[in-house]
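Chain identifiers are assigned alphabetically (A, B, ...) following the order of the sequence lines, protein sequences preceding nucleic acid strands; residue numbering begins at 1 within each chain.
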Amino acid sequence: MGGEQNVVQGTLSLMILKTLEAMGPQHGFGIARRIEQVGGSKMTLNYGTVYPMLLKLEQEGAVAADWGVSEKNRRARFYRLTAAGRRRIVRESKQWSDAAALMARFLAPGEGA
Amino acid sequence: MRTLRVWLTRLLQAVGVGRRPDDLDAELESHIALHTDDNLRSGMSPEEARRAALLAFGSAQATREELHEQNSAPFAGVMSSTVKQAYRSLSRHPGFAAVVVLTLGIGVGMTAALGGIADSLLFRPPDHVASPEQLVQVSTAGNYPQYEHLSAHSGTLDVTAVTRRSLSLGEGEEATPLETQCVTDTYFQVLGVTPVAGRTFARDEGKPGSTRVAMLAHHIWLREFGGQAELVGRNVHIAGAPHTVIGIAPPGFRGLELTAVDAWVLLPLSPVECSISGLNSLGSTSGSWLTTLGRLRPGVALADAENDVRSLALERLREVTSTPRTFVVAATDARNAAGARDRTLSIWLAAGAGLLLLIAASNVAGLISVRALDRRREVTLRLQLGATASRVFLQLATENLMLTVVASVAAWLVAGWVGTGVRVYLPSVSYDPWFDGRMLVVLAVFLFVGGILSGLIPALQTIRNSSSLPQQQSGATGRGRGLVRDGLLAAQVALTLVLSVGAGLFVHSVVRVKSNVGYDLDRVIAATVDLNRAGIRRQADKQEIFERVLAQLQDTPGIQSAALSSTSPLGTGQFTAVTPSGSPGLGPSRPSMTIVHVTPTYFSTIGTRVVEGREFAAADLAERRPVAMMSAELAALLWPGEPVVGKCKDVQLGRPCMEIVGLTESRRIGSLRQTSTEVFYPLGLDPSVVPQAIVIRPTGDVHTAMHFVAGAIRTAVPNLPYVSVRSLEDLANSQARSWRLGAWLFGVFGVVALALSAIGLYASLSFAVRQRTTEIGVRIALGADTSRITTLVLGQGLRAIVAGWAIGIVAVVSMAGLINHLLFSVTGTDALALVGSSLAVGLAGLCGCLWPAIRASRVDPVTALRAD
């Protein structure tokens with residue numbers, strides 16, 4: 001299938017954070033499913049890969065987590081954004097748009113060296 | 001900042017604060033459960049639902065591992081897997097690991113122990129003495145009147161006088177020996193010592209007639225009196241007389257002596273016990289039996305004290321200005337000279353150990369290089385399978401580190417054992433080999449730096465050589481490095497030769513020590529009795545008792561002959577040094593003579609041969625004839641070329657001439673190193689000389705005879721506290737102690753060095769053979785004889801051996817002079833030792849070369865050519 005991309009570490013962390021921002025507190029399965037939905041046909045995601053990333057984000061202080069109960073009464077660990085996490089979203093989003101804007105200049109037809 | 005927080009959290013988790021591993025696993029399980037539920041709601045069957053969930057999850061194992069690693073301490077996973085791998089790798093080659101550990105352990109351990117001992121002998125200042133660098137020893141005050149004169153008139157020094165005696169503690173049969181220093185009242189002030197209990201001697205406490213007082217050593221206080229506090233003020237019996245204990249010295253204090261001192265008494269109060277001759281020599285103005293120490297007064301320099309002492313001495317001595325000696329020397333220098341032989345020996349031992357260490361280190365480096373070469377294939381494979389160079393390097397380094405750690409423990413054990421063993425032979429060493437801080441630090445630094453470095457370099461080389469596709473490694477490319485390697489090998493062989501020669505010299509020395517002494521060591525017993533301890537003080541009484549004992553012994557069956565002497569054979573007492581007349585012809589190096597008074601049959605009893613003339617006879621004593629005997633050596637020195645026996649000669653300055661009735665062979669006196677310049681007079685001619693020792697020659701076995709000799713003496717003198725009866729062989733053995741230690745340790749060095757060199761040669765040649773495997777394969781394929789291959793390899797090894805031997809011989813011969821004074825009637829260039837060691841080194845070298853040579857001849861050309 002065309003257009004598949006491997007998800008790179010650096011982007012995955014931002015995707016997780018934005019998902020939490022949009023969905024509110026969520027467990028790992030929910031986050032992974034949402035990321036796949038948002039990415040659509042442009043990405044494949046092995047669901048398991050979010051967990052090491054989530055642990056790292058928790059260790060970095062961008063998210064906090066606790067055990068809770070899902071709507072279907074399953075025990076699950078729920079993640080939520082911290083204030084530091086929110087600041088990080090702002091910062092990294094800006095970095096991405098800056099980088100994209102810069103590349104856009106070079107990729108525009110007729111421009112660039 | 002973020003990374004820091006991550007690391008901190010991970011470290012905390014490692015100590016138990018944070019998420020536990022089963023918590024992680026539970027979360028993953030819960031994910032699968034949630035996804036399965038979701039799938040079930042979409043209409044899948046339970047098995048399909050779970051399978052789909054697992055599929056979507058991806059590699060569970062990889063995720064779990066990554067998750068657990070992220071949760072644990074940084075690098076913990078890497079480290080634990082690296083260590084496990086290293087352990088597995090080493091245990092596949094246990095021989096290699098064992099050899100490396102043993103080599104490093106022995107090399108470093110011995111060096112550390114002997115270095116520590118040498119250091120403690122050389123540099124350790126006397127315990128509890130204040131500012132020892134301010135202490136001096138004065139050689140112009142050898143007897144009591146001279147000391148008093150100096151004490152009263154010196155403006156530069158505070159002085160005290162010391163002499164060491166072996167007295168007794170306690171009464172009667174239970175009396176034990178007490179090493180005592182007889183000192184003047186200022187002793188503790190001059191040395192600056194504070195007692196742990198009680199007080200020191202007070203000024204003028206030594207006025208004759210006062211109560212006798214004593215200071216006890218700390219270890220005696222503990223051992224004999226259980227450390228009871230009330231000992232101060234009580235009486236103890238020293239040399240049979242009651243002394244009041246006034247204080248206890250601090251632990252380890254022994255003045256400036258090298259061996260322990262048990263007690264201190266005042267010299268003026270115990271003049272008879274403290275003298276050598278058993279007479280009260282306090283008033284005597286001749287003879288030199290006291291050591292005078294002084295402390296420089298504030299602001300006084302050594303030169304000032306020298307001038308002061310010299311001018312004071314001028315008032316009494318006539319010959320002072322003619323001799324250029326200094327009279328005042330720093331006490332530490334004097335102390336160093338006193339322990340000189342033990343010190344020199346320990347320096348040589350430390351140097352020997354250092355050589356051993358060098359051999360060991362270069363050996364280990366060689367072994368590791370060989371192994372690294374062996375593993376090239378393995379490393380190449382790893383790198384090509386995707387391992388990073390740093391990861392492989394880390395693993396090689398970890399292996400090396402593990403070896404180093406185990407080798408450190410081994411070295412610590414070796415150092416402890418060697419140190420403990422040496423202390424048995426050199427009791428003057430107060431050195432704790434197990435917990436000497438400095439030694440442990442040196443050990444650690446040396447092992448970790450040396451061990452790691454010697455492993456890193458081959459590791460780096462291996463990786464560099466392996467990371468690209470296998471290259472041609474022909475022998476020629478290693479030309480430069482080969483020279484270095486050959487040079488190292490030659491150096492190793494040279495060092496081994498030096499050590500082996502040292503071993504040979506010491507062993508030969510020990511063998512010679514007991515021959516050639518001038519006594520029949522295995523046939524004679526020497527007995528000494530200290531009549532002072534039995535309370536017998538008068539000259540006439542002592543003389544009578546000794547004669548009674550002699551008569552009793554001569555009557556006892558089983559005793560062939562017995563005689564008396566005024567000195568103990570091979571004893572360590574001081575000797576009266578007298579300058580012989582006829583001195584002008586001898587110049588400044590005239591010998592000082594030792595006077596010995598003996599009964600007739602002395603020489604035939606003790607086994608010293610009379611080479612010319614005869615022994616003393618009973619008639620000489622009865623007629624009171626002025627006769628003398630001396631060693632032939634001394635006679636030749638004093639009157640070269642002249643016939644002496646039967647002539648009347650000027651023997652002693654200021655005395656009438658004496659008839660020399662006989663000349664004896666040379667024999668060893670004192671510490672076995674001085675040859676005798678002895679002059680013998682008949683015992684009994686001079687009433688002031690009292691016998692000190694009895695020599696007995698039993699008809700049968702010496703050891704069984706020792707029992708009834710002691711019995712016979714006790715029969716003659718019933719209440720002696722104890723009688724010292726020892727065989728001459730025993731006495732000689734204790735004197736030969738240092739040589740035996742040197743022989744033993746150098747012997748061990750020699751053997752270990754030989755083994756190490758053989759291993760080193762083996763390793764190096766194996767390395768060379770492996771490098772040239774292709775070349776050898778080609779040669780064999782082209783029809784070369786296997787014996788030619790063997791010769792080729794052997795030749796390489798032999799070159800190193802011969803070169804090393806040549807260097808070693810040069811080194812040994814040039815250093816031979818330095819070691820002479822440690823040896824006994826063997827020179828540094830002793831032919832037997834040189835030849836023996838050369839043979840040993842050659843043999844060991846050949847053994848090392850043999851196996852690689854054989855392996856080279858067995859190279860299969862097909863495999864060899866295919867290998868690279």
*Listed by residue number, which members of residues 84-98 of chain A have a heavy atom under 4.5 Å from any heavy atom of chain B?*
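Those residues of residues 84-98 of chain A which have a heavy atom under 4.5 Å from chain B are A:R88, A:R91, A:E92.
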_Using a 4.5 Å heavy-atom cutoff, which residues in residues 17-36 of chain A come close to chain B?_
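Against chain B, the residues of residues 17-36 of chain A that fall inside the cut-off (heavy atoms, under 4.5 Å) are A:H27, A:G28, A:F29, A:R33.
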Evaluate the side-chain proximity of [Y] to [X]: yes if any heavy-atom separation is below 4.5 Å, no if none is.
{"X": "A:V50", "Y": "B:H31", "answer": "no"}
{"X": "A:K72", "Y": "B:D38", "answer": "no"}
{"X": "A:W67", "Y": "B:E27", "answer": "yes"}

For [X], is it the side chain, the backbone, both or neither that has a heavy atom under 4.5 Å from a heavy atom of chain A?
{"X": "B:L28", "answer": "side chain"}
{"X": "B:A60", "answer": "neither"}
{"X": "B:R64", "answer": "neither"}

*Could you check which of B:L34, B:T9, B:T63 has the highest count of heavy-atom pairs closer than 4.5 Å to chain A?*
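Heavy-atom pairs under 4.5 Å are most numerous for B:L34.
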*asked:* Just so I understand: if I count every heavy-atom pair under 4.5 Å between each of B:R10, B:E29, B:H68, B:R19 and chain A, which residue has the most?
replied: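 Maximum pair count with chain A is reached by B:R19.
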_Shortest non-hydrogen contact from B:E66 toward A:P52_ =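 Looking at all heavy atoms of both residues, the closest pair is OE2-CB, 3.8 Å.
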*What are the two closest non-hydrogen atoms of B:S30 and A:A76, and how far apart are they?*
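Smallest interatomic distance, heavy atoms only, reads OG-CA, 3.8 Å.
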*asked:* Can a side-chain donor-acceptor contact be found between B:Q13 and A:Q59 if the only test is distance below 3.5 angstrom?
replied: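 Side-chain D/A pair, A:Q59 to B:Q13: absent.
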*asked:* Return the NZ to CD distance between A:K56 and B:Q70, rounded to the nearest 0.5 Å.
replied: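 Going from NZ on A:K56 over to CD on B:Q70, the span is 6.0 Å.
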*Between OG1 of A:T49 and CG of B:L67, what distance do you get to the nearest 0.5 Å?*
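Answer rounded to 0.5 Å: 11.5 Å.
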